[in-house]
Chemist: 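Before I ask anything, here is the structure I am working with.
Just so you know, these numbers come straight off a predicted model, no measurement behind them. Chain A is the first sequence line, chain B the second, and so forth, proteins listed ahead of strands; every chain is numbered from 1.
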There are 2 protein chains.
Amino acid sequence: MLTERRKKILDFLQNYFNENLRYPTIREICSHFGIKSTNGVYEHLKALERDGYISLDRKKSRAIKLNKDKNIFKRIPLLGIVSAGEPIFPVIEEGDYLEDINNLLKGTFILKVRGNSMINAGIHDGDLVSVDVDRDVKNNDIVVALLDGEVTLKRIKFDKEGIILFPENPDYSPIYVKSGFFRVLGKAKMLIRKLD
Amino acid sequence: MLTERRKKILDFLQNYFNENLRYPTIREICSHFGIKSTNGVYEHLKALERDGYISLDRKKSRAIKLNKDKNIFKRIPLLGIVSAGEPIFPVIEEGDYLEDINNLLKGTFILKVRGNSMINAGIHDGDLVSVDVDRDVKNNDIVVALLDGEVTLKRIKFDKEGIILFPENPDYSPIYVKSGFFRVLGKAKMLIRKLD
DNA sequence: AATTATACTGAACAAATGTTCAGTTAGCAA
DNA sequence: TTGCTAACTGAACATTTGTTCAGTATAATT
């Protein structure tokens, strides 16, 4: 069970990593909490591993890994909300954090979008789209598809006649997938654009 | 000087970190390169530190830190280019990587956009915008501004009459900054949107 | 009342790890 | 040639670090 003490240890592990880009040694955890015996911390770590919160590489130093499924990585504070009509004061609220971006991008690749076929979905020429390859594709998802050796970013729709790839731009025509080699490479997951 | 050998060591450090979320020990670097003496690697590390490519925390294990100014972090491969009109084959080209996203976001905060005042700049309601606070603001930059205790995301323009905050939506009016408390909180740096 | 889990102390061991020193070889520049 | 640097080898040393064992105390659970 995740006790208060162990919650604080998890918290320390996250903060330490965010500051130092590495995890602490057992003795460093000890001194942070004022625990005099390394075994005091070591048993916490083993319990946290047993319960799936972390994983440990035995015999290796600083070899802790936070389990991303069980933990929300606190990396970037989410600062208030920018509004056009109803502005809100910028306040960092505890617990408001953006999920670990590295984690969000893991197991994916990045595609650079060229063309304006998805402009109405807010995806512009030059934007970067992270694509998750291990995802089941549902109706209306934005997907990256391979069609006869060509790659396109489109919104996918399934109906009785088959698969249709819809652009989000009236100037472009939908593609009805009939023959030839077709495969969905992955599902568009995140949009990243450099603004400056 | 950054020799070929040291370039490969830097590369290994980056790759090892991306895979393991920690840096290797000196002996792990040794065995990767088939170097039999720890000093062989240790002198490389000291040279890399001397030249500003990394920094070392002496006496601590796995305490390497890559200098972000001197290194491009290779984290996510940039896979080809998605095009609407002229599709391109998906090929991972060497050297094509997205810069370290953590690094891009460092020293910034994230704002959640509400409203559609910037819709023509492709910034939609609910999008996340990373804001860099330590940046000089130029004409036409998209900035987060604090005006009489209200926060807004707008394109900033300087002219003889003063500062104007422009929305990217014809339904909204520009704001002429005349009186009251005004401050630019930061410059919009990246746009992040979850697509699924 | 007995058992189990948490949360430690204290001591000790073995392995991992950073660091240093003395030397070697090869190539490059003055 | 001489000197310098890169790129090591090999050995040794000193910490650091993970791990284990034997206890103690407290609170909650069966």
Chemist: Checking N169(B) side chain against N116(B) main chain: does a donor-acceptor pair fall under 3.5 Å?
Modeler: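 Yes, N169(B) side chain to N116(B) backbone: donor-acceptor pair under 3.5 Å.
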
Chemist: Separation of I29(A) atom CD1 from dT16(D) atom P, in whole Å?
Modeler: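 The distance from CD1 of I29(A) to P of dT16(D) comes to 17 Å, rounded to the nearest Å.
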
Chemist: Mapping K36(B) and K60(B) to their closest nucleotides on DNA chain D, which lands nearer the 5' end?
Modeler: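 Nearest nucleotide further toward 5': that of K36(B).
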
Chemist: Students often get this wrong, so: under 4.0 angstrom with heavy atoms, is R27(A) touching a base, only sugar-phosphate, or nothing?
Modeler: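 Base: the residue R27(A), judged by heavy atoms under 4.0 Å, touches a nucleobase.
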
Chemist: Check the distance between dT15(D)'s C1' and R62(A)'s CZ and give it to me in whole angstrom.
Modeler: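 Rounding to the nearest Å, CZ of R62(A) and C1' of dT15(D) are 13 Å apart.
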
Chemist: Would you grab the first and last nucleotide of DNA chain C (5' to 3') that comes under 4.0 Å of any non-hydrogen atom in chain B?
Modeler: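 The footprint of chain B covers dT17(C) to dA22(C).
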
Chemist: Round to a whole Å and report the spacing from CG of D57(B) to P of dT15(D).
Modeler: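 The answer, rounded to whole Å, is 18 Å.
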
Chemist: Could you state the OH-P distance from Y23(A) to dT17(D), rounded to the nearest angstrom?
Modeler: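 Taking atom P of dT17(D) as the reference, OH of Y23(A) is at 17 Å.
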
Chemist: Spell out, as yes or no, whether a donor-acceptor pair under 3.5 Å connects the side chain of R5(B) to the backbone of H44(B).
Modeler: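 Side chain of R5(B) to backbone of H44(B): no pair is present.
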
Chemist: Decide, yes or no, whether a salt bridge links K46(A) with E43(A) under the criterion of side-chain N to carboxylate O below 4.0 Å.
Modeler: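 Salt bridge flag = no for E43(A) with K46(A).
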
Chemist: Does a side-chain N-to-carboxylate-O contact under 4.0 Å join R58(A) and E49(A)?
Modeler: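 Looking at E49(A) together with R58(A), the answer is yes, because their closest N to O distance falls below 4.0 Å.
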
Chemist: Give me the ring orientation class for F12(A) and F33(A): parallel if the planes are under 30° apart, tilted from 30 to 60°, perpendicular past 60°.
Modeler: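 Rings of F12(A) and F33(A): perpendicular, over 60°.
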
Chemist: Below 4.0 angstrom, which residues in residues 37-48 of chain A have at least one non-hydrogen atom near DNA chain D?
Modeler: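 Contacting residues: T38(A), N39(A), Y42(A).
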
Chemist: Do side-chain atoms of R22(B) reach the backbone of Y23(A) as a donor and acceptor pair under 3.5 angstrom?
Modeler: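 Not at all, since once roles are kept as given, no pair shorter than 3.5 Å links the two residues.
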
Chemist: Taking the side chain from R155(B) and the backbone from E168(B), do they hold a donor-acceptor pair closer than 3.5 Å?
Modeler: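 Checked: no pair found.
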
Chemist: Evaluate the side-chain proximity of N140(B) to K157(B): yes if any heavy-atom separation is below 4.5 Å, no if none is.
Modeler: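 K157(B) vs N140(B): side chains touch.
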
Chemist: CG of L56(B) versus C1' of dT16(D): gap in Å, rounded?
Modeler: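 To the nearest whole Å, that distance equals 16 Å.
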
